[in-house]
Each structure stands twice: as structure tokens, then as C-alpha cells.
There are 2 protein chains.
Amino acid sequence: MRIGELATNAGLTAKTIRFYETAGVLPEPERQPSGYRDYNGSALARLRFVKAAQAAGLTLAEIRQVIAVRDLSGPPCRHVADLLDTHAADLDRRIAELAALRDDVQRLRDRAKSLDPSRCDDTAVCHVIPADDPAAHPPARIP
Amino acid sequence: MRIGELATNAGLTAKTIRFYETAGVLPEPERQPSGYRDYNGSALARLRFVKAAQAAGLTLAEIRQVIAVRDLSGPPCRHVADLLDTHAADLDRRIAELAALRDDVQRLRDRAKSLDPSRCDDTAVCHVIPADDPAAHPPARIP
DNA sequence: CTTGACCTTCCACCGCAGGGGAGGCTTTAC
DNA sequence: GTAAAGCCTCCCCTGCGGTGGAAGGTCAAG
């Protein structure tokens with residue numbers, strides 16, 4: 001199977017597959033005499049795993065690590081379970097942060113309705129966003 | 001006021017302030033004969049606005065736009081209110097996405113407890129993450 | 001006069017997951 | 001035989017919000 005066919009089967013582009021190879025989540029395949037990559041069925045299984053793991057929120061670095069753990073010490077199930085635990089906890093944290101940010105934004109928005117634009121302070125950019133906001137959390141990065 | 005003092009007062013680094021200048025959220029200040037930047041109090045007010053707006057989830061590009069709107073057509077309150085509306089809606093969407101992802105991850109995690117690692121399929125990387133996951137959403141980008 | 005703190009510009013880099021395109025082979029179809 | 005796909009490697013680009021460092025100018029104290 002050449003790279004284009006594999007890409008079509010996996011629902012990816014050839015570019016992405018080469019990128020996965022350099023990213024270490026897909027092993028280097030055999031080469032045909034022409035130099036073309038020559039894949040077998042296990043590459044497709046691997047790509048399906050990568051997609052499923054990505055859908056579960058794992059980064060390529062984590063996926064690479066899972067694969068390495070498996071290659072070194074057998075089934076990485078416990079490792080994967082730990083990763084999933086960590087991700088669930090991260091997601092909980094991020095959801096809570098975003099919910100708090102949403103509430104702040106909503107509060108500002110509601111306050112804006114009760115403000116008179118003509119009374120906008122000349123020294124500030126816009127009084128809808130109070131520069132001395134006491135509730136100003138450190139910029140809520142949304143990574 | 002030189003850049004270091006302004007940075008200390010604003011709780012930023014001098015690097016960041018220069019970056020804000022190139023990003024267009026802070027106007028170019030006067031220069032001392034030495035070439036050093038020479039700030040007045042309005043720079044500090046501006047930086048406070050930028051921090052507050054960032055805390056409200058606005059990007060530097062949006063902040064720059066708010067400032068431009070203000071400079072062109074006066075108080076940008078309505079524009080800012082619209083931005084806040086959009087951001088609140090975006091946050092709602094993203095919170096829902098993350099919650100769905102969190103549930104998926106939790107489901108996988110729970111399922112992992114009931115699996116026997118010794119039965120890990122040799123063809124897959126790890127059966128905790130099913131490669132034929134039917135619930136696999138398109139990779140839930142977390143932008 | 002020299003040391004050290006502060007400032008200047010410019011260029012490069014981080015993570016993350018790829019995308020774009022150049023320049024050059026090989027394979028396939030007509 | 002020739003044109004069109006398809007593939008190869010290589011390097012640069014994206015967005016976002018900065019951070020790091022090099023090479024050099026400036027200012028105050030000792």
C-alpha cells in the first residue's frame with residue numbers, strides 16, 4: 001500500500017502521515033525500490049489507534065509515549081488509564097476555569113447594558129471593561 | 001518613566017511591553033535623547049486596560065481592534081459588548097465540547113477497570129482505547 | 001575610569017498539529 | 001511516447017503570546 005492509499009483509507013492526507021512518522025507515532029515503513037513508502041495493514045491499525053487516542057484528547061507526544069511504553073514493557077493499559085485519569089482531571093479544571101470566565105464575561109456584559117456610552121471616561125479605553133477590575137484573575141489562558 | 005519602571009508598576013516585563021507596542025495595543029511612546037522609551041501615566045492606564053481585557057478573554061488582536069474603534073468613532077462600548085456576547089457564546093460552546101470529551105474520557109477510564117491487561121490484543125497498541133471507537137468525534141480541538 | 005544596571009535593536013524559538021509549495025523522481029493511463 | 005498523477009525530500013508558514021539571547025549604547029555610583 002502506498003502512502004496515498006493509506007491516507008485515503010485512514011481519512012488523512014499523505015502529508016499528515018509523513019508528519020506522524022517524524023512525530024514518532026508511526027514506525028518507518030519499508031520502501032519500494034523506487035523509494036516510495038510501502039505500508040502493510042498494521043499501519044492502518046496504528047493510524048486508527050492514533051485517531052482514537054487523539055479523540056480522547058491525548059497529544060501526539062503522549063501517544064508516542066504510550067507506544068514506547070508498550071514496546072518496552074508490554075501492554076500499556078495501566079499507563080493509559082493513568083493518562084486518562086490525568087486528562088479527566090485536567091478537563092475538570094479547565095471546564096471550571098472556563099465556566100468562571102464565562103460568568104465574568106456575562107457579568108461585564110450585563111453591566112454594559114446599564115452604562116451610558118456618553119459617560120465613557122476619556123482616560124480609559126472603554127469603561128465597559130474596568131481597568132481596575134478587582135475580580136481580574138490572571139489571564140485565563142485557554143490552552 | 002522608563003520601560004523597566006513601567007513594567008514593574010504594571011506587573012509585566014520590559015520585553016512584554018515592547019511586544020505590546022509591536023502588537024499595536026500600546027502606542028509608541030516619546031523617546032528620551034538617549035533613545036530610551038519615555039512613558040507617562042496613560043501608558044500604565046492602557047496596560048491595566050489590556051490586562052483586564054485579557055482577563056475577560058479578549059485576544060490582543062481584539063483589544064487592538066477595540067482601541068482602533070475607539071480612536072476612530074469614539075466610545076467602543078457597543079463594539080465591546082458585542083465582543084463580550086460572542087465570547088460568552090464561544091465559551092458556552094467550548095465548555096459543552098469539553099464536558100462531552102470529559103465524559104468520553106471517563107467512560108474509557110471506567111471501561112479500562114473492567115479489562116484484563118493480559119488480553120491486550122497484539123495487533124492494537126492498547127485495547128483501553130478502542131481503535132474502532134464508534135463514538136469517536138472528530139479530534140476535539142481545544143483551541 | 002570602570003563596573004554594573006539599564007536600555008536599544010534584531011533574530012530566533014517555544015508548543016501544537018499540521019499545511020504550502022519548490023524541485024525532482026516514478027508510475028500510470030492513453 | 002507523452003502527459004498526468006503520485007511520490008520523494010526539504011524548508012518555510014500558520015496562530016498565540018510571549019521569552020531568550022547577542023551585540024552594542026547610556027547612565028549613575030564608586
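Values below: all heavy atoms of this structure, side chains included; hydrogens, waters and symmetry mates excluded. Lettering of chains follows the sequences in order, A, B, ..., and the numbering in each one begins at 1.
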- line: Judged by nearest nucleotide, the residue sitting upstream toward the 5' end of DNA chain D, B:L60 or A:E5, is A:E5
- prompt: Nearest 0.5 Å, what's the CZ-CZ distance between B:R102 and A:R93?
  reply: 12.0 Å
query: Do B:V25 and B:V69 share a hydrophobic cluster, counting only Ile, Leu, Val, Met, Phe, Trp and Tyr and linking them when any side-chain heavy atoms are less than 4.5 Å apart?
result: no
task: Decide, yes or no, whether a salt bridge links A:R31 with A:D38 under the criterion of side-chain N to carboxylate O below 4.0 Å.
output: no
field: Atom pair CZ/CG of B:R37 and B:L26 - distance to nearest 0.5 Å
entry: 9.5 Å
- request: To the nearest Å, give me how far apart CE (B:M1) and P (C:dC7) are.
  value: 12 Å
Whole-Å distance separating the CZ atom of A:R18 from the C1' atom of D:dC8: 7 Å
Which nucleotide in D:dC7, D:dG17, C:dT8 has an atom nearest any side-chain atom of A:R2: D:dC7
task: Figure out the CD1/P separation between B:I63 and D:dC16, and round it to whole Å.
output: 12 Å
- prompt: How close or far is atom P of D:dC7 from atom CG of A:L6, stated in whole angstroms?
  reply: 10 Å
query: What nucleotide, of C:dT27, D:dG17, D:dG18, holds the atom closest to the side chain of A:S34?
result: C:dT27
query: Would you say D:dG6 has OP1 or OP2 under 4.0 Å from some side-chain N or O of A:Q32?
result: no
query: When you measure from the side chain of A:R31, which nucleotide among D:dG25, C:dA17, D:dC8 comes out closest?
result: D:dC8
query: When the distance from CD of A:E21 to P of C:dG18 is rounded to whole Å, what number comes out?
result: 15 Å
- request: Please tell me which of the listed nucleotides, D:dT19, D:dC8, C:dA17, lies nearest to the side chain of A:R37?
  value: D:dC8
- prompt: Side chain of A:Y36, base of D:dG6: donor and acceptor closer than 3.5 Å?
  reply: yes
- request: When you get a sec, tell me which of D:dT9, C:dA17, D:dG18 is the closest nucleotide to the side chain of B:F19?
  value: D:dG18
- prompt: Rounded to whole angstrom units, what separation is found between the OH atom of A:Y39 and the C1' atom of D:dG6?
  reply: 14 Å
query: How long is the line joining CG of B:L58 and P of D:dG15, in whole Å?
result: 18 Å
- request: Measure the CG-CG distance between B:L83 and A:L108 for me, rounded to the nearest 0.5 Å.
  value: 12.0 Å
task: Looking only at side-chain atoms of A:I3, point me to the closest of D:dC8, C:dT9, D:dG17.
output: D:dC8
message: Report for the helix from C:dC1-D:dG30 to C:dC30-D:dG1: angle between first-end and last-end helix axes, five pairs each, rounded to 10 degrees.
response: 30°
statement: In this structure, CD1 of B:I3 is separated from OH of B:Y39 (nearest 0.5 Å) by 4.0 Å
- prompt: Within this structure, what is the CZ-to-C1' distance between A:R64 and C:dG18, rounded to whole angstrom?
  reply: 15 Å
message: Would you say that B:R111 contacts B:P130 through its side chain, given a criterion of any heavy-atom pair below 4.5 Å between the two side chains?
response: yes
- prompt: Hey, is the side chain of B:K15 pairing donor to acceptor with the base of D:dG21 inside 3.5 Å?
  reply: yes
query: Do the side-chain N or O atoms of A:T13 get closer than 4.0 angstrom to the phosphate oxygens (OP1, OP2) of C:dG18?
result: no
task: Any chance you could measure A:H87, atom NE2, to A:L58, atom CG, to the nearest 0.5 Å?
output: 4.5 Å
